[in-house]
Each structure stands twice: as structure tokens, then as C-alpha cells.
Amino acid sequence: MTLKEITSYQVDLTYQLTTHEMMKLYHYVSKSEYDVYLYQNGQVADAGNFPKMLSFFLIATSKKPLVIVIDGEKPDEGYRHIKQLLNKNVKQAKIRNRHKVEVDNDISFVI
């Protein structure tokens with residue numbers, strides 16, 4: 001039985017992400033086992049889809065918190081890596097929500 005988690009983090013950025021930072025984030029997410037989503041002002045983007053992520057950051061602002069949602073096993077490890085990629089840009093970050101799901105033979109149990 002594996003334990004998946006969906007965890008969201010509220011991140012305050014110092015400045016809008018640069019194209020280089022977006023590329024680093026995209027490369028990490030696309031090669032990882034995580035599904036990562038970005039949310040702000042009612043807009044959602046899959047960080048594993050570069051064109052959608054780029055469009056998202058064209059309308060996002062550094063004046064409001066960015067929500068990063070990570071779905072997978074041990075999402076804290078994925079978040080630590082993402083935070084390292086954006087280290088100079090992260091003013092403050094905190095966990096918003098955490099949901100654990102046990103997966104056993106195609107049946108999910110929310111804990």
C-alpha cells in the first residue's frame with residue numbers, strides 16, 4: 001500500500017519569476033514523479049506544461065501569494081527542491097493544506 005499526499009504551500013515571492021526560473025521549475029517538475037500546480041487569482045497552471053505555466057506567469061503578480069500544489073509521494077521533498085530552485089525569490093512560505101490518501105488495489109482512502 002502506498003501513501004500519496006496532496007499538499008499546498010502558500011509562497012510569497014520577492015519578484016515575478018524570470019524565464020530562467022520558470023524553465024528550471026518546468027524541467028524539475030517534468031522529470032519528477034510529482035504533479036505540480038500553480039494557483040493565483042482564480043488561475044491554475046500545470047507546472048509540467050511550459051506554455052501553460054508561461055501564460056500563467058504573464059498574468060500572475062508578486063504582490064499576492066502564489067499557491068503551489070504538489071501531488072505525489074513525499075511532497076515535502078519535492079517542495080524543498082522547488083524552494084531551492086526559487087531560493088532567491090522566496091520571501092516567505094508555509095503549508096496551507098495536507099491531504100493523505102492510501103492507495104490499495106485501485107481503492108483510495110482519504111485519511
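A donor-acceptor contact shorter than 3.5 Å is absent between the side chain of E5 and the backbone of G72. A donor-acceptor pair under 3.5 Å is formed between the side chain of Y34 and the backbone N or O of K74. Under the 3.5 Å distance criterion, the side-chain polar atoms of D71 are left unmatched by any main-chain donor or acceptor of I6. At least one donor-acceptor pair closer than 3.5 Å links the side chain of Q40 to the backbone N or O of T61.
Every residue two or more places apart in sequence or in another chain was checked for a side chain to side chain donor-acceptor pair (under 3.5 Å) with D12, and none qualifies. Partners of Y9 under the side chain to side chain donor-acceptor pair (under 3.5 Å) rule, at least two apart in sequence or in another chain, are D76. Residues passing the side-chain contact (heavy atoms from CB on, under 4.5 Å) test with Y26 are S30, F50, M53, sequence neighbours excluded. Applying the side-chain contact (heavy atoms from CB on, under 4.5 Å) rule to S8 yields the partners V67, V69, R96, N97; only residues at least two apart in sequence or on another chain are considered. In this structure, the side-chain contact (heavy atoms from CB on, under 4.5 Å) partners of T18, at least two apart in sequence or on a different chain, are Y15, H20, E21. Residues passing the side chain to side chain donor-acceptor pair (under 3.5 Å) test with N41 are K64, sequence neighbours excluded.
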**Q.** Verdict with supporting geometry, Y79 and T7, side-chain contact (heavy atoms from CB on, under 4.5 Å)
**A.** CA-CA 9 Å; Y79 177 69; T7 304; over 6 Å; no
Q: Output, in order, the C-alpha distance, side-chain angles, deciding distance and verdict of side-chain contact (heavy atoms from CB on, under 4.5 Å) for L13 and L66.
A: CA-CA 8 Å; L13 300 175; L66 173 69; 4.1 Å; yes
Q | Test side-chain contact (heavy atoms from CB on, under 4.5 Å) applied to V36 and Y28, step by step | A | CA-CA 10 Å; V36 178; Y28 171 71; 5.8 Å; no
Q | side-chain contact (heavy atoms from CB on, under 4.5 Å) assessment of T14 paired with V90 | A | CA-CA 6 Å; T14 305; V90 176; over 6 Å; no
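Taking NZ from K83 and CG from N89, the interatomic distance works out to 12.0 Å, rounded to the nearest 0.5 Å. Expressed to the nearest 0.5 Å, how far CG of L38 lies from CZ of F56 amounts to 5.0 Å. Atom-to-atom distance recorded for Q16:CD and M22:CE is 6.5 Å, nearest 0.5 angstrom. Between the CE atom of M23 and the CG atom of L54 there is a distance of 10.0 Å, given to the nearest 0.5 Å.
More than 12 non-hydrogen atoms from other residues, nucleotides or ligands lie less than 6.0 angstrom from NZ of K24.
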